[in-house]
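Letters A, B, ... mirror the listed sequences (proteins, then strands); counts begin at 1.
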Protein chains: 2
Amino acid sequence: MSFVKTGGSVVSPVGGIQARQASVDKIKLTGHIGGMARASMKQQIIDAGLAELHARGYAACSVEDITKAAGVPKGSFYNHFASKEEFAVDVVRRYFEVSGWPTSFETTSAIGRLRAGFEALYAGAQERSFSRGCMWGNLANEVADHSNAIRGQLAEGLDAWSAIVTELVAQAQRNGEISSAGDPAQLGRFIVNAWEGALTRSRVVRNGQPMDDFFRMVFDLLLAGDATG
Amino acid sequence: MSFVKTGGSVVSPVGGIQARQASVDKIKLTGHIGGMARASMKQQIIDAGLAELHARGYAACSVEDITKAAGVPKGSFYNHFASKEEFAVDVVRRYFEVSGWPTSFETTSAIGRLRAGFEALYAGAQERSFSRGCMWGNLANEVADHSNAIRGQLAEGLDAWSAIVTELVAQAQRNGEISSAGDPAQLGRFIVNAWEGALTRSRVVRNGQPMDDFFRMVFDLLLAGDATG
DNA sequence: AATGACAAGATGACCAGTCATATTGAGGGT
DNA sequence: ACCCTCAATATGACTGGTCATCTTGTCATT
């Protein structure tokens, strides 16, 4: 699994997905598709479903909601997915695929890039009035006990995401940008988890205070070791 | 809202609830209740429902599941609660009421008590093979966007819980037990959020690593300011 | 004609909430 | 003390809606 580098926001990955990309290897060419090949329907469903799943949650998001959002007939759903669960596994995979870390920032410092990435996530959450929470946290809490397939996919994606944060932390340490000498892998995991917790809290309080707390605690105190308070 | 001091675990509050307590002011006395007054049916439903909600989540836990767990007839549910939503509000209130911070520990240091409290939570999660996650996080993620009533109750309870952590952090600072001079209120909120994030991750990975990360990052690095890594 | 893809609507399970009926004790009359 | 009436409460079967999944008819291609 690799992270696709995009300039977009992780919280709002769909924006970049609307871009048409022909996946010829995925197209089921049949006689009733005339003219130029179009985007794969399966991919269309996944991408539209990603937004819907994130907005509504698993149980509250019906197959009809998904297909309607994708602009495809409801009956086609099961031509592409054996079940709603299998669909969600594909969505999770897709979520982590399209999630990326912003690279087009002015700063070249590792810590600056780490911070900018979370700030982009923050901006995305703010756009949605803090109503979405964190995709992985949402699914984990709602489905992890009921679907090993989804849980497995979440675990995979989280490991990869944590690895990105870990690498940035390690770089920041090597570059002397932060004073924390904590284990980078542990920091990476903790930071991703704490971010989920902040997003979840923000759903309750409907403001950005939890993220402000996160930035202050993680970047100023934990990583920079600012003990002045 | 006040926290009831118990020696129990927050993750498993139900254990203490099975104790019979007559709530005479809650009893709907009708002619067909003979003999000695018994525990309120409403309270019974709330307490049993708390465990069920935590185990299954909101949507996956039906009213029938709840009443069955409470050992009461399904039709009685609506004598006590106008709706499933209202029931959940009462459950959340109850959850925070019965949640407490362990007081019966050997250490008298504030930081020791804070740590012991989270360790008790950890033990509870471990008992359940990390399958339950965090009650407030679960509900927030599943329901916060759909029910303002539940969300409001969650906000209230979280504020109170954060206040407890805040107070312990402040005491630890005053006592010179920790080197962090961070804002106690901010630390209190962040720590509660980070804990939720850790529990959520533990649901995915099905082990205690996220909590270990939490303890290391929060107690050793963030609060104690141990920069040696 | 045979085959495979597509998809609208049928199917059966689930479930929040309703309600007709049952139950019961209080109060009053004898 | 006993009986009857009535009102309040209890409750299990039912209702109507939702929804994941499947069926089956249509269509296009070979």
Protein-nucleotides 15-19 of chain C N/O pairs under 3.5 Å:
from	atom 1	to	atom 2	distance (Å)
C:dA16	OP1	B:Lys84	NZ	3.1
C:dA16	OP2	B:Val63	N	2.7
C:dG17	OP2	B:Tyr78	OH	3.3
C:dG17	OP2	B:Lys84	N	2.9
C:dG17	N7	B:Lys74	NZ	3.3
C:dG17	O6	B:Lys74	NZ	2.3

Could you state the atom-to-atom distance from [atom1] of [X] to [atom2] of [N] in whole Å?
X       : N      : atom1 : atom2 : answer
B:Gln44 : D:dT11 : CD    : P     : 11 Å
B:Met41 : D:dT9  : CE    : C1'   : 10 Å
A:Phe81 : C:dA7  : CZ    : C1'   : 15 Å
B:Lys68 : D:dG12 : NZ    : C1'   : 13 Å
A:Phe87 : D:dC19 : CZ    : C1'   : 15 Å
A:Ile45 : D:dT21 : CD1   : P     : 14 Å

So which atom in B:Leu154 and which in B:Phe96 form the shortest heavy-atom distance, rounded to 0.1 Å?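 What the structure gives for the nearest pair is O-CE1, 4.1 Å.
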Would you say A:Ser76 reaches C:dC6's phosphate, i.e. side-chain N/O to OP1/OP2 under 4.0 Å?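 Checking A:Ser76 against C:dC6: no side-chain N or O falls below 4.0 Å of OP1 or OP2.
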For D:dT9 and B:Asn79 - does any side-chain N or O of the residue sit under 4.0 Å from the phosphate oxygens OP1/OP2? no
Between the side chains of B:Arg93 and B:Asp90, is the shortest nitrogen-to-carboxylate-oxygen separation below 4.0 Å, so that they form an ion pair?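 Judged by the 4.0 Å cut-off on N to carboxylate O distance, B:Asp90 and B:Arg93 do form a salt bridge.
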Could you tell me the separation between the CZ atom of B:Arg56 and the NE2 atom of A:His146, rounded to the nearest 0.5 Å?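 Reported to 0.5 Å precision, the distance equals 7.5 Å.
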Roughly how far, to the nearest 0.5 Å, is the CD1 atom of B:Ile150 from the CZ atom of B:Phe87?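 Reported to 0.5 Å precision, the distance equals 10.0 Å.
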Ring centre gap for A:Phe214 and A:Phe118 strictly below 6.0 Å: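 Yes - the distance between ring centres of A:Phe214 and A:Phe118 falls below the 6.0 Å cut-off.
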A:Phe215 vs A:Phe219 aromatic rings, parallel, tilted or perpendicular, using cut-offs 30° and 60°? parallel
